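Counting from 1, the numbers follow the sequence of the chain as shown. Since the structure is predicted, the reported quantities are computational estimates derived from the model, not experimental observations.
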Amino acid sequence: MGSLVMEPDDIASYASSTFHPEDNFSTICMSVGKINSRGIFHDDPLNFSVPLLLIQLSLASLVILFSSRLLKYLGQPSMVPQILGGIILGPSVLGRTGGFTEHFFPLRGFIILDALAAFGYIFYFFLIGVQMDPWIVKKIERREIIIGVSTVALALVLSISWSFLVLAKITIGLGTAGSLPVVATAESALSFPMMAQYLTEQKMINSEFGRLALSCSVASNLFSFCIITLTILTNQQSGERFQILKTLCSGVAMALVIFGVVRPMIMRILKRKTKGESLTEEFICIILVGVLVAAFSSQALGLHIGYGPLLYGLALPAGPPLGSAVVDKLELINSWLFMPLYFVKNGLVTDIFSVDFKSYLVVQYIIAIAWVGKFIGALVSSVYCSIPYKDAILLGLVMNVQGVLELGMYKMMKQAKAIDHEAFVVMCISMLLLVSTTSPLVRYLYDPSRRYAVYNQRTVMHLGDNSELRVVACIHDQENVPTMISLLEAINPSKRSPVAIYALHLIELVGRSNPLLIPHKLSKRPSSNASLSKSIVNAFRLFEQNNSGVVSVHPFTAISPYVTMHDEICTMALDKKASLIILPFHERYTTTDIWEAFKKGVKIMNGNIVDMAPCSIAIIVDCGLLHNSRPTLATWSSYRVAILFLGGADDREALAIGARMAGQPNINVTMVRLLENGSIASDNSMERKLDNDVVCKFRLNMAGNYRVKYIEEVAKDGTGTVAVLRSMKNNYELIIVGRRHEKKSPLVFGLMGLDEDKELGEVGYILASSDFRGNSSILVVQQHSIVWDAKDFTVHMSREIEDEAEHLPMYRVPA
């Protein structure tokens, strides 16, 4: 019988709670022929296969969905509501209600239920393989190997030693006693796919800590596999040992065929298709049929039913175009329709009240020892490898993560009689308790903003006269390129103050678990490759050539989920010591579902960057450059830029960027300062002093520059501010404004409820709205002001640095 199909002891244990005199195995087999019901007025629909299956699918999906919603705000990963949903529908909760199990999950319905659960399990393994990067093994460093091996080794030593000590001191049932060493070994193992899935759900996958945990889990997984294989071979008789070796050889042969024959064929087909049209439905269908063939081959060779699909998924190229397409086709229906049946099937044979309390304590004790061993092993080895203590504790918690693969392994061990039913139930309960208690601790200890804090402000305003301006330019698609290049050219790179551009092409991660950061080289000739990243690289290559000696370009492609893409951007800014991040706004002129999803993802990303960026930020809302069909600044004879100044740190940063633009010969700069009844609108004396100082220096340094104008406008309240904004419509190609303003200022009174796009702020939102924008592009600026205090390790807003503003030569126009 297959490794996933309901084993005889499961049928026996389940039948003992649901069996009725009229239900015999002959009746069960005969009932399969009753497929479609004629309706509720003729007979009971639940006596027929199709209505019964439909109600089982509905109950499974709805209960897991309800549990997921309930636990969402506690930060629980998807595995917790899935297992909990299965237990709720089983004999532990709803199954104890009279008639529930007999009506909705009768014994005769297990044949179809088990078959569909097998399909869900097969495609689950396949999707895991598709989303994994097998070549991550080559990136593992020495410290990851030390941590990974130490985690498993210490857990094995402690748990197995304690299991034999318990056997010598405590008398328990024979089946449970024989299960203890196997339980100790299984609980000490670690699964890399489950770690990748967990880190992705916790939005940690592409942080520095996430990459460390992922690499350590790979080392742990490989070490665990070797130890478990050696243990099985050592404990078997010579005949059984030969059979196991035959199975291992079959597994190796299957891997060679998949990676040596199937993968090259698929890659050859993909190479031809990427030069032409997109992937066809027929090709995707062939790929999915291959999953079923791989599962059949696994069963025919005596391997686990998920082994072939997992290898087949690993052999496929992850990410777009194939990996993304496959995941998009399968993930939703498999996660919320077929896999719930798998969890329900396990829940139906998991009665938490059937376990003897003494046996539960003994098995739970061994499991807890394995958890402690993994935690201490990861903690001590991490500290030895000079990892910060807080991150070492966090790593120790994360290395205990378990999931669906472990649940499948427990089922295999139970089927092979390596553990008894009571040990299986305790291991399932323990998995649920472990992950549900670990996740809140992980969320509490993990501070994503902490790693982006710096010791000094990184702003355009505080940049020295002869310093290089480093900019991280983010690009979603080719439409962003002309606007981005024009803006970078307007910033006025010069020999005294050159500009280093780290161009980051952002692609949403679909179809793989771990994110990618791909560096590109700028060749002297344009690339003939038609990929989107290459066309973007070619555009920046030309920009660098046209500004030789004053502009240097370093292009990258970042493939990551939008919810964690800020990690890639902020890490790049941190590592490259950038002073400015430029982001495209998420506005699009279409309302299709695809663009709506894109806008939602980019909005989340921009919001995260606004909160965590280690330098200043500028968000560009394009409407003028592209729509006037003038793609580069060089085509403009006169480019009009307005700097809207209400006061505050962000407006001072906007003024610093505008001051750099004043050095361009074809740019006319107008500074528009809003005053409240002729005076500065601020209750903060320090803010007033800083605003006055920077404005005075701007006017002094721009004296004699006929292309720069200074205008003062008076407004009483937010209505007056809106009137000034309306008067600027269509008068400028670019309007620069700060994102944040003093909330008590009368100039923004009444505008506080209009900041629907939080990353733009109140004034930026008004300027970017369709009623006001016209043909003007908007640049919304936020000055970096969060620094890291190394003395007390707290993040605080630094005013001391701003006090030195008057001593910095920040507004001299680069030559």
Side-chain angles (χ1 to χ4, degrees), residues 3-4 60-61 64-65 68 77-79 81-83 116-136 191-202 205 214 217-218 221 255 258-259 262-263 266 270 279 281 283-298 303-343 346 401-409 411 508-516 559-561:
S3 60
L4 187 68
S61 298
I64 291 179
L65 181 61
S68 179
S78 61
M79 189 271 296
Q82 287 169 345
I83 295 180
L116 286 183
F119 275 100
Y121 201 60
I122 288 168
F123 283 107
Y124 181 81
F125 269 86
F126 170 68
L127 288 173
I128 286 177
V130 170
Q131 296 177 78
M132 285 173 57
D133 181 12
W135 313 117
I136 194 175
S191 169
F192 160 68
M194 292 300 96
M195 176 69 75
Q197 184 182 24
Y198 180 82
L199 293 173
T200 301
E201 291 185 6
Q202 297 296 318
I205 186 70
L214 206 61
S217 69
V218 173
N221 207 161
I258 289 177
F259 281 94
V262 177
R263 177 181 167 85
I266 294 175
L270 277 177
L279 301 178
E281 295 290 334
F283 180 69
I284 300 296
C285 184
I286 292 172
I287 294 296
L288 298 182
V289 170
V291 181
L292 304 178
V293 174
F296 168 77
S297 302
S298 297
L303 300 167
H304 185 265
I305 194 172
Y307 177 76
L310 178 65
L311 285 183
Y312 183 61
L314 286 170
L316 298 182
L322 182 57
S324 303
V326 168
V327 172
D328 186 57
K329 298 286 185 185
L330 282 179
E331 189 170 36
L332 182 63
I333 190 171
N334 197 65
S335 299
W336 292 104
L337 198 62
F338 292 132
M339 278 306 287
L341 289 179
Y342 171 76
F343 292 106
N346 283 283
V401 166
Q402 296 175 331
V404 179
L405 286 183
E406 283 79 8
L407 188 60
M409 182 175 66
K411 290 287 295 179
E508 183 182 12
L509 175 65
V510 180
R512 68 181 303 125
S513 293
N514 53 309
L516 291 177
I559 306 177
S560 174

Under 3.5 Å donor-acceptor, Ser298 side chain and Ala294 backbone: yes
Could you work out, with side-chain hydrogen bond (donor to acceptor under 3.5 Å, both in side chains) as the rule, every residue matching Gln82, not counting sequence neighbours? none
Rounded to the nearest 0.5 Å, the CD1 atom of Ile128 sits from the CZ atom of Phe192 at a distance of 10.5 Å
Just verifying a value: how many Å separate Tyr342 OH and Ile83 CD1, rounded to the nearest 0.5 Å? 9.0 Å
Side-chain heavy atoms of Phe259 within contact of Leu314, under 4.5 Å: yes
Would a 4.5 Å heavy-atom cut-off, applied to side chains only, mark Gln197 and Pro77 as touching? no
Working note: Met339 + Val404, criterion side-chain contact (heavy atoms from CB on, under 4.5 Å); need CA distance, chi angles, decisive distance, verdict. CA-CA 10 Å; Met339 278 306 287; Val404 179; 3.9 Å; yes
Ile333 atom CD1, over 12 foreign heavy atoms within 6.0 Å: no
Taking ring-ring contact (aromatic ring centres under 6.0 Å, His included) as the test, write out the residues that go with Phe343, two or more places apart. none
Please lay out, stage by stage, how Met194 and Ser217 fare under the test side-chain contact (heavy atoms from CB on, under 4.5 Å). CA-CA 9 Å; Met194 292 300 96; Ser217 69; over 6 Å; no
Identify the heavy atoms of Ala295 and Ile122 that sit nearest to each other, and give their distance. CB-CD1, 3.7 Å
Rounded distance [0.5 Å steps], CZ in Arg263 versus CG in Leu311: 12.5 Å
Quick one: sort the Tyr121 and Phe125 rings into parallel, tilted or perpendicular, breaks at 30° and 60°. perpendicular
Find out whether Leu310 and His304 are in side-chain contact, i.e. whether some heavy atom of one side chain is under 4.5 Å from a heavy atom of the other. no
What class does the angle between the rings of Phe126 and Phe123 fall in, given that below 30° is parallel, 30 to 60° is tilted and above 60° is perpendicular? perpendicular
Gap between atom CD of Glu331 and atom CG of Leu127 - 0.5 Å precision: 6.5 Å
List the steps and the verdict of side-chain contact (heavy atoms from CB on, under 4.5 Å) for Ile266 and Ile287. CA-CA 9 Å; Ile266 294 175; Ile287 294 296; 4.0 Å; yes
What is the distance from atom CG of Leu288 to atom CZ of Phe283, rounded to the nearest 0.5 Å? 10.5 Å
Tyr312 and Ser297, any side-chain heavy atoms less than 4.5 Å apart: no
Is there side-chain contact between Lys329 and Glu281, with heavy atoms separated by less than 4.5 Å? yes
side-chain contact (heavy atoms from CB on, under 4.5 Å) between Ile284 and Leu322, intermediate numbers included: CA-CA 8 Å; Ile284 300 296; Leu322 182 57; 4.0 Å; yes
Contacts of Tyr198 meeting side-chain hydrogen bond (donor to acceptor under 3.5 Å, both in side chains) (sequence neighbours excluded), chain-then-number -> Ser439
If only atom types and distance count, is the side chain of Glu201 paired as donor or acceptor with the main-chain N or O of Ser78 below 3.5 Å? yes
Heavy-atom nearest pair, Ser191 first then Glu406, reads CB-OE2, 2.9 Å
